[in-house]
Amino acid sequence: MIMTFLIENALRAQKILSKLVIIQPINISMINIIAGLDVSYKDGLGCAVAVAYDSKNRALTTYSQYCEKVAIPYIPGFLAFREAPLMIKALLNLMSKIHIDITLVNGHGMAHPRKCGIASHIGVVLNIPTVGVAKSFLYGDVIRIGDNEAIVIDNTIVGYILRRNSKKIYVSIGNKVTAEDAANIVLNLWNYSYILPEPLRLADELSRKTVKKLAAKL
DNA sequence: GCGACAG
DNA sequence: ATCTTGTCGC
């Protein structure tokens, strides 16, 4: 009963937020610091980590974290209502320490039933450039463009599917980027042996270590 | 009604 | 996401 209430309002919020997404080119040559956002869980505790990655020196610069007991369940299509609050707090803390040019979020952007995945959700709320990077498909039509595959919704390319050996990742517009720029930015951060771009791989690794230590103390 | 379903 | 050891493969 309480969930129907939440979903009804969450749907309304997503429809509003999706209309506020800005699709515009970004100057990739001017991008220096890229943030990566991820959340790990243990015994109801969620730990979000926001890393700042220097794309020029190819190294982790610094990072922030925010942990909290999470009450909202994961429901496909509504991931942002569970994870965005934690990610945003970690990211705002990181932004107070260093300038961030663009943020990669673990989850989809516009490749979502209402074109409002967690990457777009966060991008619109904070009015910053974001890119969604997911490890599994959620929504949209897949079309082939030469050697590449794109994700199309409402006759618009919202993202691309990047392949590496047998694995794939789904990169889509979060906010203030084009699908092409989003894909190229992720390609530039692709490290030889991992499927995830470096900022997200590091955020994933750090959030797991963090939640493991904290949950053990509780 | 049936199947799909980010993390 | 998480629960979990060894094991197949590049």
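A, B, ... follow the sequence lines: proteins, then strands. Residue 1 opens every chain.
- Counting any heavy atom pair closer than 4.0 Å across all strands shown, A:Tyr74 reaches a base atom.
- Within 4.0 Å (heavy atoms only), A:Asn165 reaches no atom of the nucleic acid at all.
- Cation-pi contact between A:Arg114 and A:Phe78: present, with separation from the ring centre below 6.0 Å and deviation from the ring axis of at most 45°.
- Separating the CZ atom of A:Arg208 from the P atom of C:dT4 is a distance of 15 Å, rounded to the nearest angstrom.
- Residue-level contact check: A:Gly77 touches the bases, meaning some heavy atom is under 4.0 Å from a base atom.
- Side chains of A:Glu68 and A:Tyr66: a donor-acceptor N/O pair is present below 3.5 angstrom, by distance only.
- Donor-acceptor pairing under 3.5 Å is recorded for the side chains of A:Tyr160 and A:Glu180.
- Within the nucleic acid shown, A:Phe81 has no heavy atom closer than 4.0 Å to any nucleic acid atom.
- Counting any heavy atom pair closer than 4.0 Å across all strands shown, A:Tyr139 reaches no nucleic acid atom.
- Atom NZ of A:Lys167 has 12 or fewer neighbouring heavy atoms from other residues, nucleotides or ligands inside a 6.0 Å radius.
- Atom pair A:Glu68:CD and C:dA1:P shows a separation of 20 Å (rounding to whole Å applied).
- The footprint of chain A on DNA chain B, defined by a heavy-atom cutoff below 4.0 Å, extends from B:dC5 to B:dG7.
- Considering every non-hydrogen atom in both A:Tyr53 and A:Pro199, the closest pair reads CB-CG, 3.7 Å.
- OP1 and OP2 of C:dT2 both lie 4.0 Å or more from every side-chain N or O belonging to A:Lys212.
- Heavy atoms from other residues, nucleotides or ligands lying under 6.0 Å from OH of A:Tyr63 number 12 at most.
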